[in-house]
Q: 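Dropping a structure here in structure tokens format, bear with me for questions.
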Number of protein chains: 2
Amino acid sequence: MTAAEAVEAIQREMTAFARRARASAGRMHPELSLVSYTLLGHLEERGGCRATDLAAHYALDKSTVSRQVAALERAGLIERRVDPDDHRVQVLHLTGAGRQLLAQVTESRRAAFRERLADWPDEDLARFAGYLIRYNAWTPPGTTDA
Amino acid sequence: MTAAEAVEAIQREMTAFARRARASAGRMHPELSLVSYTLLGHLEERGGCRATDLAAHYALDKSTVSRQVAALERAGLIERRVDPDDHRVQVLHLTGAGRQLLAQVTESRRAAFRERLADWPDEDLARFAGYLIRYNAWTPPGTTDA
DNA sequence: ACTTCAAGTTGTACTATACAACCAGATCGG
DNA sequence: CCGATCTGGTTGTATAGTACAACTTGAAGT
């Protein structure tokens, strides 16, 4: 495979993957969309953050985040705590139920990935993971990374 | 990196990629969504096929495909030819304009990928491509692949 | 010929998304 | 201190993509 062919294949395969991801994610976990899952994961990882931070991080409009957050709150998965220092900001936190559902969905996603990758040699797994991390870490030139 | 960690990382990175792909595809090419692009690509590759085939291949509802196809036809990118052997069937073909737009978007996507992968050693490109192909080729056990 | 099957279309509904207009709290220059 | 401006967030409106169900039309089997 030449370098040009490889780039071509990477493009094709990443596109194919992206095409399927949302649909299959939706079918796997009707109760938690890919976006919601990602937002909950971010909250867990950071231990709470503002809606504006989520919007910036995922390149979503603040209105979109606002509605997602409202839905997650309605579902009892997150709660808002008004920042005492600045009454405009609401710091978002996972609730117990949110943490639990997140763990559950994460586990089931992990199981699906494990099955899919079951017969890969360890060395290939590590290299593939490394490539993906490297691929995703790339930022367009001139971008100040946040 | 242990195998378990690698699986974890692959899951995380593939999810992150999927999350961004649609949005960025939409921003790059407002005139051709990721789905439309994929459908056009399929037509080009196969040299024409039925709407039902597209639906089956991409796990989309036939109504969804019907509307996508209608939009592509309205845009003058594809045309329908009734199958003389079975008047229910419409074989879809790219038009000249469709072929041209597809080529143009493909080229611009390719340039973006090339830029992103510019400083990867050839060997890594080939291996990454191979992993992606292998990853996407997987089908759930018990599935008769079409 | 009647029934059943297959390809597509259309009606309806829902989700995710963006943009624009807006509200409310914070901050800064006078 | 006060109006101008900035920032975080919500709401109104519009659009795209999707699914499911009902329907239409043509094909095939008994």
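Within every chain, numbering begins at 1; the chains are lettered A, B, ... in the order of the sequence lines, protein sequences first and strands thereafter. What you see is a predicted model, and the numbers here were worked out from it, not measured in a lab.
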Q: Assign A:Arg67 to base, sugar-phosphate, or nothing according to its heavy-atom contacts below 4.0 angstrom with the strands shown.
A: base

Q: Measure the distance from NZ on B:Lys62 to C1' on D:dT25 and round it to the nearest whole Å.
A: 12 Å

Q: How close do A:Asp119 and B:Arg134 get, heavy atom to heavy atom, and via which atoms?
A: O-NH2, 4.0 Å

Q: Say whether B:Ser33 and B:Ser36, considering side chains only, have a donor N or O and an acceptor N or O under 3.5 Å apart.
A: yes

Q: Is there a side-chain contact between B:Arg88 and the phosphate of D:dA27, meaning an N or O under 4.0 Å from OP1 or OP2?
A: no

Q: From CZ of A:Arg50 over to P of C:dA24, roughly how many Å is that when rounded to an integer?
A: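 Spelled out: CZ on A:Arg50 to P on C:dA24 is 20 Å.
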
Q: At less than 4.0 Å, is any side-chain N or O atom of A:Gln90 found next to OP1 or OP2 of D:dT10? Yes or no.
A: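 Looking at the OP1 and OP2 atoms of D:dT10, one of them is under 4.0 Å from a side-chain N or O of A:Gln90.
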
Q: Check the distance between D:dG8's P and A:Leu60's CG and give it to me in whole angstrom.
A: 16 Å

Q: Contact class for B:Asp86 (heavy atom, under 4.0 Å): base, sugar-phosphate, or nothing?
A: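 Sugar-phosphate: the residue B:Asp86, judged by heavy atoms under 4.0 Å, touches backbone atoms but no base.
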
Q: Looking at A:Ser66, I'd like to know whether one of its side-chain N or O atoms comes within less than 4.0 Å of OP1 or OP2 on D:dT11.
A: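 No.
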
Q: Which whole-number value in Å describes the distance from A:Leu72 CG to D:dT10 P?
A: 12 Å

Q: Quickly work out the A:Tyr58 OH to C:dA18 P distance and round it to whole Å.
A: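 Nearest whole value for this atom pair: 15 Å.
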
Q: When the nearest nucleotide of DNA chain C is assigned to A:Thr64 and to A:His87 on a heavy-atom basis, which residue is associated with the more 5' position?
A: A:Thr64

Q: Rounded to whole angstrom units, what separation is found between the CZ atom of A:Arg74 and the C1' atom of D:dT10?
A: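 Checked: the CZ to C1' distance equals 13 Å.
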
Q: Looking at B:Ser63, I'd like to know whether one of its side-chain N or O atoms comes within less than 4.0 Å of OP1 or OP2 on C:dT9.
A: no

Q: What integer distance in Å separates B:Asp61:CG from C:dA13:C1'?
A: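 Nearest whole value for this atom pair: 13 Å.
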
Q: Look at the side chain of A:Arg80 against the base of D:dG8 and say whether a donor-acceptor pair falls under 3.5 Å; ignore hydrogens and angles.
A: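 Donor-acceptor pair under 3.5 Å: no.
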
Q: Do other residues, nucleotides or ligands put more than 12 heavy atoms under 6.0 Å from A:Gln100 CD?
A: no

Q: Is it true that B:Arg114 and B:Glu107 make a salt bridge, defined as a side-chain N closer than 4.0 Å to a carboxylate O?
A: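 Salt bridge between B:Arg114 and B:Glu107, a charged N being under 4.0 Å from a carboxylate O: yes.
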
Q: Does B:Thr52 have a side-chain nitrogen or oxygen under 4.0 Å from the phosphate oxygens OP1 or OP2 of C:dG8?
A: yes

Q: For B:Val65, answer base if it contacts any base atom (sugar-phosphate contacts may also be present), sugar-phosphate if it contacts only those atoms, and nothing otherwise; contact means non-hydrogen atoms under 4.0 Å.
A: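 If one applies the 4.0 Å heavy-atom cut-off, B:Val65 turns out to touch nothing in the nucleic acid.
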
Q: Between B:Asp85 and B:Gln68, name the one whose nearest nucleotide on DNA chain D is closer to the 5' end.
A: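 The answer here is B:Gln68.
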
Q: What do the steps show when you test B:His42 against B:Leu54 for side-chain contact (heavy atoms from CB on, under 4.5 Å), and what is the final call?
A: CA-CA 8 Å; B:His42 195 88; B:Leu54 293 175; 3.5 Å; yes

Q: Find the distance B:Tyr37:OH to D:dG17:P and express it as a whole number of Å.
A: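 Checked: the OH to P distance equals 16 Å.
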
